[in-house]
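What you see below is based on every heavy atom in this structure, not just the backbone, and it leaves out hydrogens, waters and symmetry mates. A note on names: the letters A, B, ... follow the listed sequences, proteins ahead of strands, and every chain is numbered from 1. Predicted model, so just to flag it, every value in this text is computed and none were measured.
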Number of protein chains: 2
Amino acid sequence: MSFEHPDGDQIDLSAVLHALSDPQRRGIVAELAASEQPRPCGSYAPNITKSTRTHHFRVLRDAGLIEQWKEGTLKMSRLRRDDIDARFPGLLDSVLGSGVPVRS
Amino acid sequence: MSFEHPDGDQIDLSAVLHALSDPQRRGIVAELAASEQPRPCGSYAPNITKSTRTHHFRVLRDAGLIEQWKEGTLKMSRLRRDDIDARFPGLLDSVLGSGVPVRS
DNA sequence: AGGATGATACGACGATCATCGAACTTTGTG
DNA sequence: CACAAAGTTCGATGATCGTCGTATCATCCT
């Protein structure tokens, strides 16, 4: 099913840091971290094109930061906080600033 | 004087994450974090060319991760752990794995 | 003054990146 | 069935990246 989600124990730090180094993607991750229930891809980063959004979501998924699945027409996403926290403890919290707004 | 070290409070998260996303640079940062007293640039990452090394050190300095100064012919480097920790608490520790060897 | 050494500057190279638009696929609904 | 909506795929473009070699600069030592 779904796509190519890396196993939790083989998430690559370089890939994660690269994925998070883009402000647009970091914004998506921040929204993902803040939203209670899953929302479709299209509801994030409305300022960019559909194809660019698809690209960013793929980078995040390939890096192991998010999990994605389809629900009808929609594609839903979920932050793999557990896996990331297990592999790189504290990383996500420090990047997301412990809930503080994302800057730069 | 010296070069272009960003002020501690204007260190850019994107730049920091991008700088740390390269394994070679992460290796340098890990060595920097582990070494007691400052060593010249040339003593890090001996497997790459001088010019490449200069490039990596500039990326790290521009990102605000390290401070550099000259001592005669040598150029010394120091990890700006205090500034980074103040701006992004926990980030460096989680990336460096709390002293655990750098992987990926 | 003349070497020797540590580091930078300057292209240059292939690779990757973020972004876009247009065409296409998939799914649900009238 | 036909249409609309959500995503993907497929170039393409301009920018940036990591790496290199060579030339150059700065500093120390003899």
Rounded to whole Å, the CG-P distance (Leu60(B) to dG18(D)) equals 10 Å
Residues 47-59 of chain A vs side chain to side chain donor-acceptor pair (under 3.5 Å), sequence neighbours excluded, gives Arg25(A)-His56(A)
Residues passing the side-chain hydrogen bond (donor to acceptor under 3.5 Å, both in side chains) test with Asp22(B), sequence neighbours excluded, are none
Atom NZ of Lys75(B) and atom P of dC25(D) are separated, to the nearest Å, by 16 Å
Please list, pair by pair, any protein nitrogen or oxygen found under 3.5 Å from a nitrogen or oxygen in nucleotides 13-19 of chain C.
unit_1: dA18(C); atom_1: OP1; unit_2: Arg25(A); atom_2: NH1; d: 3.2
unit_1: dA18(C); atom_1: OP1; unit_2: Arg25(A); atom_2: NH2; d: 2.4
unit_1: dA18(C); atom_1: OP2; unit_2: Arg25(A); atom_2: NH1; d: 3.4
unit_1: dA18(C); atom_1: OP2; unit_2: His55(A); atom_2: NE2; d: 2.9
unit_1: dT19(C); atom_1: OP2; unit_2: His56(A); atom_2: NE2; d: 2.3

Residues at least two apart in sequence or cross-chain that pass side-chain contact (heavy atoms from CB on, under 4.5 Å) with Glu71(B), listed by chain then number, are Trp69(B), Met76(B)
Taken to the nearest whole Å, CD/Glu4(A) to C1'/dT8(D) is 13 Å
Sequence neighbours excluded, the answer for side-chain hydrogen bond (donor to acceptor under 3.5 Å, both in side chains) partners of Thr73(A) is none
All N/O contacts under 3.5 Å from nucleotides 23-30 of chain C to the protein, with atom names and distances to one decimal?
none

side-chain contact (heavy atoms from CB on, under 4.5 Å) filter on Asp7(B), not counting sequence neighbours, yields Asp9(B), Gln10(B)
To the nearest angstrom, the CZ-P distance between Arg53(B) and dG21(D) comes to 12 Å
With sequence neighbours left out, the residues meeting side-chain hydrogen bond (donor to acceptor under 3.5 Å, both in side chains) with Gln24(A) are none
Those residues at least two apart in sequence (or on a different chain) that pass side-chain contact (heavy atoms from CB on, under 4.5 Å) with Ala33(A) are Leu79(A), Arg81(A), Leu96(A)
Atom CZ of Phe57(B) and atom P of dA7(C) are separated, to the nearest Å, by 8 Å
Arg58(B) CZ to dT19(D) C1', in whole Å, measures 14 Å
Atom CD of Gln68(A) and atom C1' of dA6(D) are separated, to the nearest Å, by 13 Å
Less than 3.5 Å apart, any donor N or O on the side chain of Ser77(B) or Arg61(B) sitting next to an acceptor on the other?
no
